[in-house]
There are 4 protein chains.
Amino acid sequence: MSANNERGGRTFIEEARRAQIIQCAVDVIAESGYARATMAEIGKRAGIAKSVISYHFADKGELMQELVRTAVATYTQFLEPRLAAQPTAAGKICAYVTGSAEYMSTYTNMHLAVLEVAFNGLGPDGRPLTASIPLETHKPTLERILHDGQVSGELRQFDVRVMAGLLRSAVTHTMVMAQRADPDVDLDSYARELATAFALATRDRP
Amino acid sequence: MSANNERGGRTFIEEARRAQIIQCAVDVIAESGYARATMAEIGKRAGIAKSVISYHFADKGELMQELVRTAVATYTQFLEPRLAAQPTAAGKICAYVTGSAEYMSTYTNMHLAVLEVAFNGLGPDGRPLTASIPLETHKPTLERILHDGQVSGELRQFDVRVMAGLLRSAVTHTMVMAQRADPDVDLDSYARELATAFALATRDRP
Amino acid sequence: MSANNERGGRTFIEEARRAQIIQCAVDVIAESGYARATMAEIGKRAGIAKSVISYHFADKGELMQELVRTAVATYTQFLEPRLAAQPTAAGKICAYVTGSAEYMSTYTNMHLAVLEVAFNGLGPDGRPLTASIPLETHKPTLERILHDGQVSGELRQFDVRVMAGLLRSAVTHTMVMAQRADPDVDLDSYARELATAFALATRDRP
Amino acid sequence: MSANNERGGRTFIEEARRAQIIQCAVDVIAESGYARATMAEIGKRAGIAKSVISYHFADKGELMQELVRTAVATYTQFLEPRLAAQPTAAGKICAYVTGSAEYMSTYTNMHLAVLEVAFNGLGPDGRPLTASIPLETHKPTLERILHDGQVSGELRQFDVRVMAGLLRSAVTHTMVMAQRADPDVDLDSYARELATAFALATRDRP
DNA sequence: AATGAATGAGATTTCATTCAT
DNA sequence: AATGAATGAAATCTCATTCAT
């Protein structure tokens with residue numbers, strides 16, 4: 001890898017391989033769980049020797065880090081316009097829930113994989129990173145949305161951190177569990193149910 | 001272990017050892033994460049050789065299974081009277097959330113450990129058991145409560161499975177994340193905030 | 001290994017195994033060189049699985065460290081009485097050279113192995129330890145002997161560090177090379193030749 | 001490489017590349033030790049891909065062999081006129097020691113590197129070459145000088161192989177160790193000390 | 001002449017599990 | 001009932017080497 005690793009300056013082919021490897025890692029993790037996602041398994045899935053992974057990523061940690069980075073970027077790009085399109089806080093909340101469901105339908109494995117990594121993966125220090133970075137990604141955004149809604153009088157007075165946390169859980173936990181329990185679940189209507197619940201829980205006038 | 005394992009017929013000492021080992025596993029998992037909870041580490045914590053664990057449990061899977069069984073039983077015993085004490089659906093929902101917070105304060109490590117196991121552990125088939133048994137434990141109970149509330153006209157018409165799922169997530173995910181982010185968080189008031197949200201989201205008349 | 005590693009408190013059997021493993025490592029290194037002395041190779045020589053080595057030593061570094069420690073202690077125990085028996089500086093110098101030759105005949109592999117480790121081994125920091133500790137072991141002793149000889153007027157005025165260095169080299173390098181070139185070399189007479197040279201090079205009156 | 005490798009018939013550019021690669025190998029080995037001198041590292045130092053090294057040298061063994069050959073040739077060219085300039089055996093001995101010190105000051109890395117290779121490198125058979133070729137290079141020359149000195153009556157009767165070995169060690173071991181211990185050591189005066197010692201140890205009349 | 005990419009062999013280390021005592 | 005000792009499978013990572021371009 002040598003100099004390439006240091007940010008920027010990567011071949012087209014290299015980018016393609018990295019993307020392919022990340023995708024295979026995503027698939028293996030989503031289908032078989034983090035514990036089974038060994039270098040050998042990922043390599044087998046990609047049809048390459050496991051040392052090829054070592055060639056393109058400094059170590060397993062970097063691979064997982066890149067996987068998470070990719071997933072978060074994809075998710076954010078997916079969600080942002082949908083949030084921006086809604087003028088009201090209620091609209092944004094609904095868009096967050098339904099948009100996440102839509103994302104989850106489109107990028108199922110990626111959504112599952114990033115959660116697996118978040119819960120099972122270890123940081124560089126060897127300690128579990130347990131959802132530290134990835135899952136908290138959108139919390140600041142959510143808190144701002146909720147806060148603005150309270151200021152404008154659209155939403156009632158509640159603890160924004162609690163509600164933001166519940167919103168995150170609804171998306172990264174509730175829906176994921178539902179889909180795991182029944183892969184054929186209709187995420188769309190599931191999300192609408194959740195959105196209704198949040199609308200009632202957050203609106204100002206009872 | 002010989003014949004003893006097959007349910008029943010365990011010495012008093014045996015039971016004590018098993019309980020001790022489970023407790024040590026709980027502590028190690030809660031403090032250091034599932035990945036670090038090796039047999040050696042658990043044994044060290046218990047002050048015994050790791051082979052003693054193998055002596056009392058068929059394999060690591062059985063240990064984890066028993067850990068989960070214990071935790072679920074404790075949780076259920078803790079929660080049941082609190083639910084029974086509430087005549088209304090709204091009361092039961094509130095009791096579920098606040099009771100869980102109370103449980104989480106009392107049995108912090110157990111609550112954390114069982115989630116770690118649920119997310120990271122592997123089933124007998126080698127596939128991740130991801131929340132299969134443990135997290136779904138109270139879902140039927142919750143669904144019944146919600147359903148009864150709808151029938152009696154106390155609660156509005158929503159999809160009980162969705163709402164039950166969200167309730168489970170609030171307890172096993174939202175609050176846990178909150179505590180991880182800030183170990184000094186006041187779980188009591190956190191739970192009250194959640195309870196309010198659920199009251200608004202589920203009550204019949206707006 | 002657990003608690004045992006922490007100094008003291010080792011089983012008899014464990015000590016025996018450690019000694020056996022060290023001895024096998026010595027033999028492999030002396031016969032095939034440091035590069036070939038892999039865990040697998042050492043294990044094979046000892047007739048044990050390579051993981052047994054890991055069981056008794058924290059890592060390869062600790063094994064090498066113990067090997068060097070053992071060798072240095074053996075060498076020192078061998079040499080000390082021979083030095084103490086000589087009252088004069090000249091006698092001690094001669095005893096150092098001839099005693100080392102005798103040691104080398106008795107513990108050939110150990111002498112060779114410790115030099116291999118010194119030159120090829122890596123320290124905990126990953127940098128080569130190149131003879132740092134082991135080879136310098138007796139230099140202070142030599143320097144004191146030479147210094148005392150100068151003070152008493154028995155030896156001429158020379159730089160004691162240079163002469164001590166040359167003495168060390170004669171023993172760890174000249175004789176070793178000679179034996180490698182011809183394994184049947186008579187170390188005894190070889191040492192006597194060296195001793196004569198040093199006597200002439202150090203005595204006071206020409 | 002095709003046919004070029006077989007001696008002779010190398011482009012000017014080819015020769016330049018080979019020389020550059022050898023020099024970089026020398027520097028890496030001297031500064032970081034043999035174990036760290038991987039193809040990748042040497043390539044990085046030279047600013048070329050590691051496959052370029054494979055292109056110019058059959059394998060790592062050939063590179064090291066060429067490195068040693070170059071170093072020995074340089075050393076010999078450096079030393080020869082200094083030896084020839086001295087008519088007496090004593091003068092040649094002194095010139096050998098001081099000349100080597102001068103060489104070591106001028107080509108520090110090369111001197112260090114060739115020793116590293118001699119001690120750590122493996123021969124074509126996979127066995128360590130341990131100083132076989134390189135370190136013995138000048139021993140015949142030294143033995144002849146010593147022998148001639150004895151015949152002419154200038155030097156006393158000693159075993160020329162032993163004394164030649166000690167002379168080699170003084171240069172390849174004693175001085176190297178001294179410089180490693182203290183990089184600022186004054187090699188010139190160090191060499192003069194050694195020369196005096198050898199003069200006393202070898203001259204005929206006490 | 002040069003190189004990026006790929007590869008496979010091999011080294012170290014971890015860990016659940018087994019076994020004789 | 002307990003344990004120290006041993007084991008083998010598996011995982012990660014390194015490195016010299018090869019090959020198509």
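Just the heavy atoms: all of them, side chains too, but no hydrogens, waters or symmetry mates, feed the values below. Residue numbers begin at 1 in each chain, while the letters A, B, ... track the order of the sequences.
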N/O donor to acceptor pairs below 3.5 angstrom from side-chain atoms of residues 46-53 of chain A, sequence neighbours left out:
none

Evaluate the side-chain proximity of A:Ile42 to A:Leu63: yes if any heavy-atom separation is below 4.5 Å, no if none is. yes
In terms of side-chain heavy atoms of A:Thr11, which of F:dA6, F:dA2, E:dA5 is nearest? E:dA5
Whole angstrom value for the distance that separates P of F:dA5 from CZ of C:Arg18: 11 Å
Where at least one partner belongs to residues 21-35 of chain A, residue pairs that pass salt bridge (charged side-chain N to carboxylate O under 4.0 Å, His left out), sequence neighbours excluded: A:Glu31-A:Arg45
Can you name the nearest heavy-atom pair linking A:Ala37 to A:Ile29, along with the distance? CB-CG1, 3.4 Å
Rounded to whole Å, how long is the line connecting atom NZ of B:Lys60 with atom P of E:dT18? 15 Å
Among the candidates E:dA5, E:dA2, E:dA6, find the nucleotide nearest to the side-chain atoms of A:Arg17. E:dA6
Taking atom C1' of F:dA16 as reference, at what distance in whole Å does atom NE2 of D:His56 sit? 17 Å
Under the rule for side chain to side chain contact (heavy atoms under 4.5 Å, CB included), what residues qualify as partners of D:Ala73, not counting sequence neighbours? none
How close or far is atom P of E:dT3 from atom OH of A:Tyr55, stated in whole angstroms? 12 Å
For residues 44-53 of chain A, which residues have at least one heavy atom under 4.0 Å from DNA chain E? A:Ile48, A:Ala49, A:Ser51, A:Val52
Between A:Ile13 and B:Asp59, which is nearer to the 5' end of DNA chain E once each is assigned its nearest nucleotide? A:Ile13
Side-chain N or O of C:Arg10 versus OP1/OP2 of F:dG4: is the shortest distance under 4.0 Å? no
How would you list, by chain and number, every residue that makes a side chain to side chain contact (heavy atoms under 4.5 Å, CB included) with B:Ser32, sequence neighbours excluded? B:Arg36
Here the distance between atom P of F:dA5 and atom CZ of C:Phe57, to the nearest Å, is 13 Å
Starting at CD of D:Glu41 and ending at C1' of F:dT14, how long is that distance when rounded to a whole Å? 13 Å
Within residues 31-40 of chain A, residues whose heavy atoms come under 4.0 Å of DNA chain F: A:Thr38, A:Met39
Round to the nearest Å and state the distance from A:Gln20 atom CD to E:dA6 atom C1'. 12 Å
In whole Å, I'd like the distance from the CG atom of A:Leu63 to the P atom of F:dA11. 15 Å
Qualifying residues under side-chain hydrogen bond (donor to acceptor under 3.5 Å, both in side chains), relative to D:Glu15, sequence neighbours excluded: D:Arg10
Could you tell me whether C:Arg69 and C:Glu66 have a side-chain N and a carboxylate O separated by less than 4.0 Å? yes
Under the rule of Watson-Crick or G-U wobble with both distances under 3.5 Å, where | means paired to another strand and [ ] a crossing pair, DNA chain E maps to .||||||||||||||||||||
In chain order, what residues pass the side chain to side chain contact (heavy atoms under 4.5 Å, CB included) check against B:Ala35, with sequence neighbours excluded? A:Leu122
Any chance you could lay out the side-chain contact (heavy atoms from CB on, under 4.5 Å) test for A:Tyr55 and A:Ile21, step after step, and finish with the verdict? CA-CA 11 Å; A:Tyr55 176 72; A:Ile21 291 169; over 6 Å; no
A:Glu41 meets the side-chain hydrogen bond (donor to acceptor under 3.5 Å, both in side chains) criterion, sequence neighbours left out, with none
Kindly write out the residues that satisfy side chain to side chain contact (heavy atoms under 4.5 Å, CB included) with B:Ala19, not counting sequence neighbours, or none if the list is empty. none
